[in-house]
Structures are given as structure tokens and as C-alpha cells.
Amino acid sequence: MTKWIVIGVIILFDLIGLGIYKYSSAKVIDELVISVHNKDVAAVSSRIDWEGLKAQLKTDIAAQKKAYGQAGVAIGPIDSRIPAVVDHYIKEDGIKTAFYYREQLFANVPERDFIDSTGFALPFGFQVTLAYPKSQAAANPMAMAMRDRMKVKVVFGLDGFTWKIREMHVPLYMVPADTGALPDLRMLGK
């Protein structure tokens, strides 16, 4: 009888944990959708583990280049420029720039249209896969054909009692080759 009580308690705790996980991850996604809609840089920034994300991206981009072998030389930044490129784009000004380009290219597209899927991420996290919006791709045969290759996976991990973006997996061909110049959004009134 004790064995069944212990099993029941374990199952109950598992169900409670799953419920909390589902609720909290959905809440974070909802909060981020609202933050993006409101162009709230501070709210988006507070959900990012900046240093962890930068380190992960540098490693991930280098691993992708290595996996492509000789062909990887012509895609994305050269190996020695990976740290500079990541440091240049992964900062609060990068969020402002993303908001600017979203407004220029997708002003009438609801934020949720960019979410392709969500799911569990090992060991204790969740992921959101972002993609070119289906509504926009349908009108553009090239975008529709490339849509499955134009996906960015964002992984959230626990940081105390909240979720933060810890990883981002970006296809190598979508990574800028160099730092370039971010537009001065002050000059554009943004």
C-alpha cells in the first residue's frame, strides 16, 4: 500500500510541475509578444541572458562553419570575426534595430505569426521556433520555398524563478558576414 501512495505522490508532483511549466512558459511567450508589440526594449532585454547567449552563439556559429567544411568559408563571418559579429548584434541596440526592421518589413503582421512552434528543451527549458510568417510567405513563392530553412530556434532556461533566453540557433547563412553599420535609429526618429 505504501508503494502505491509513494507512486501517487510522485505522479501528483509530476503533474503539478508540468502544469507550472506549461503555464509559466506560455506566460513568458505572451509577455514577450506584448513587449514586441509595444516595442518595449527593456522588457525584451530582461528576458535575455546576454553573456550566456553571446557565448553560446559564438560556439554555435563556429560549429556550423566547421560542419560545412570548405563551403563554410564563404558563409557567414570568417572564424576570426565571429566574436566581433556576435558582440555587435547581440545587445540592446540589436533589439532596437530588430524592432525598426520589423516595422519596415512586417508592420501589419501580428507578432504571433512569427511563432512557428513551441516545445520542451532539455534539460529544463522550452523553445520557440521563429519563422518567416506563413501569411507573408504564401504571397512570395521564394519565401514559401525557403521558409523551412529560415527558422531561428530560441531556447529559454530557468534563471532563478524566471525564464531567460539562453540559446539561439540561427542558420549560418542568416548570420551577417561582418559588423557593418547598424542604422542610427535616433536619426530615423525611433
Side-chain angles (χ1 to χ4, degrees), residues 22-50 52-54 56-57 60-61 64 75-77 82 84-119 121 125-157 162-190:
K22 286 287 197 184
Y23 171 77
S24 65
S25 61
K27 188 173 187 297
V28 167
I29 293 169
D30 289 343
E31 288 172 1
L32 280 170
V33 165
I34 291 167
S35 298
V36 170
H37 180 77
N38 294 332
K39 298 181 190 106
D40 187 343
V41 174
V44 173
S45 181
S46 71
R47 288 284 179 195
I48 300 171
D49 170 7
W50 290 101
L53 179 59
K54 286 179 182 182
Q56 177 273 322
L57 271 170
D60 191 59
I61 293 167
Q64 287 186 65
I75 307 169
I82 292 171
V85 168
V86 170
D87 290 340
H88 182 74
Y89 288 102
I90 305 301
K91 58 186 178 182
E92 278 198 10
D93 283 348
I95 296 171
K96 293 175 189 175
T97 303
F99 286 167
Y100 169 76
Y101 283 115
R102 185 208 179 292
E103 187 67 30
Q104 296 302 307
L105 301 171
F106 302 104
N108 298 319
V109 178
E111 289 75 14
R112 286 210 180 269
D113 283 4
F114 291 91
I115 299 174
D116 187 62
S117 65
T118 61
F126 70 94
Q127 67 185 23
V128 177
T129 302
L130 304 171
Y132 196 89
K134 287 181 185 174
S135 61
Q136 299 296 303
N140 181 339
M142 179 61 98
M144 189 58 115
M146 291 294 294
R147 188 173 181 282
D148 283 341
R149 295 174 185 239
M150 297 170 58
K151 293 184 178 181
V152 174
K153 183 170 65 170
V154 179
V155 180
F156 291 77
T162 190
W163 297 103
K164 287 201 173 187
I165 297 172
R166 303 250 175 174
E167 296 178 24
M168 187 180 303
H169 301 280
V170 181
L172 186 57
Y173 77 90
M174 291 175 68
V175 177
D178 211 335
T179 55
L182 291 174
D184 186 348
L185 301 180
R186 293 171 298 181
M187 299 296 289
L188 300 170
K190 303 291 177 190

Nearest 0.5 angstrom please: [X] [atom1] to [Y] [atom2], how far?
| X | Y | atom1 | atom2 | value |
| --- | --- | --- | --- | --- |
| L53 | K91 | CG | NZ | 14.0 Å |
| L172 | M174 | CG | CE | 11.0 Å |
| I82 | D60 | CD1 | CG | 10.0 Å |
| L32 | I165 | CG | CD1 | 6.0 Å |
| T118 | L130 | OG1 | CG | 11.0 Å |
| Y100 | L105 | OH | CG | 9.0 Å |

Over 60° means perpendicular and under 30° means parallel, so tell me whether F106 and Y132 are parallel, tilted or perpendicular.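 Taking Y132 first and then F106, their aromatic rings stand perpendicular (interplane angle over 60°).
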List the steps and the verdict of side-chain contact (heavy atoms from CB on, under 4.5 Å) for I29 and F126. CA-CA 10 Å; I29 293 169; F126 70 94; 3.9 Å; yes
Taking the side chain as everything from C-beta on, heavy atoms only, tell me whether E167 gets closer than 4.5 Å to K153.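 They are not in side-chain contact.
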Side chain to side chain, Q127 and F156, heavy atoms closer than 4.5 Å: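 Contact flag for Q127/F156 side chains = no.
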Please step through side-chain contact (heavy atoms from CB on, under 4.5 Å) for the pair F99 and V44, ending with a clear verdict. CA-CA 11 Å; F99 286 167; V44 173; 3.9 Å; yes
Whether the side chain of Q56 engages the backbone of M168 through a donor-acceptor N/O pair (distance < 3.5 Å, no angle test) should be reported.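 Flag set: sc Q56 to bb M168 pair under 3.5 Å.
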Under 3.5 Å, is there a donor-acceptor pair between the side chain of Q64 and the main chain of V170?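 At least one qualifying donor-acceptor pair exists.
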Any idea which heavy atoms bring [X] and [Y] closest together, and the distance?
| X | Y | result |
| --- | --- | --- |
| V85 | P176 | CG1-O, 3.7 Å |
| A84 | T179 | O-CG2, 3.6 Å |
| Y89 | D178 | OH-O, 3.4 Å |
| G157 | R166 | N-CG, 3.6 Å |
| F114 | V109 | CE1-CG1, 3.8 Å |

Please name the residue in the list I115, D116, V152 that meets the side-chain contact (heavy atoms from CB on, under 4.5 Å) test with T129.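 That would be D116; it is the only one of I115, D116, V152 passing the side-chain contact (heavy atoms from CB on, under 4.5 Å) with T129.
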Hey, is CZ on R149 packed in by over 12 heavy atoms from elsewhere, all under 6.0 Å?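 No, not enclosed.
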Atom NZ of K164 with >12 non-hydrogen neighbours under 6.0 angstrom: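 Yes, NZ of K164 has more than 12 neighbouring heavy atoms, counting only those of other groups under 6.0 Å.
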Does the side chain of R47 come under 3.5 Å of the side chain of S35 through a donor N or O and an acceptor N or O?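 No.
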Working note: V155 + H169, criterion side-chain contact (heavy atoms from CB on, under 4.5 Å); need CA distance, chi angles, decisive distance, verdict. CA-CA 8 Å; V155 180; H169 301 280; 4.2 Å; yes
Going by an N to O cut-off under 4.0 Å, is there a salt bridge joining K96 and E92?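 Looking at E92 together with K96, the answer is no, because their closest N to O distance does not fall below 4.0 Å.
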Got a salt bridge between R102 and E111, using NZ or NE/NH1/NH2 to carboxylate O under 4.0 Å?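 Counted as a salt bridge, because a side-chain N and a carboxylate O are separated by less than 4.0 Å.
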Show your working on side-chain contact (heavy atoms from CB on, under 4.5 Å) between I95 and I48 and close with a plain yes or no. CA-CA 11 Å; I95 296 171; I48 300 171; 4.0 Å; yes
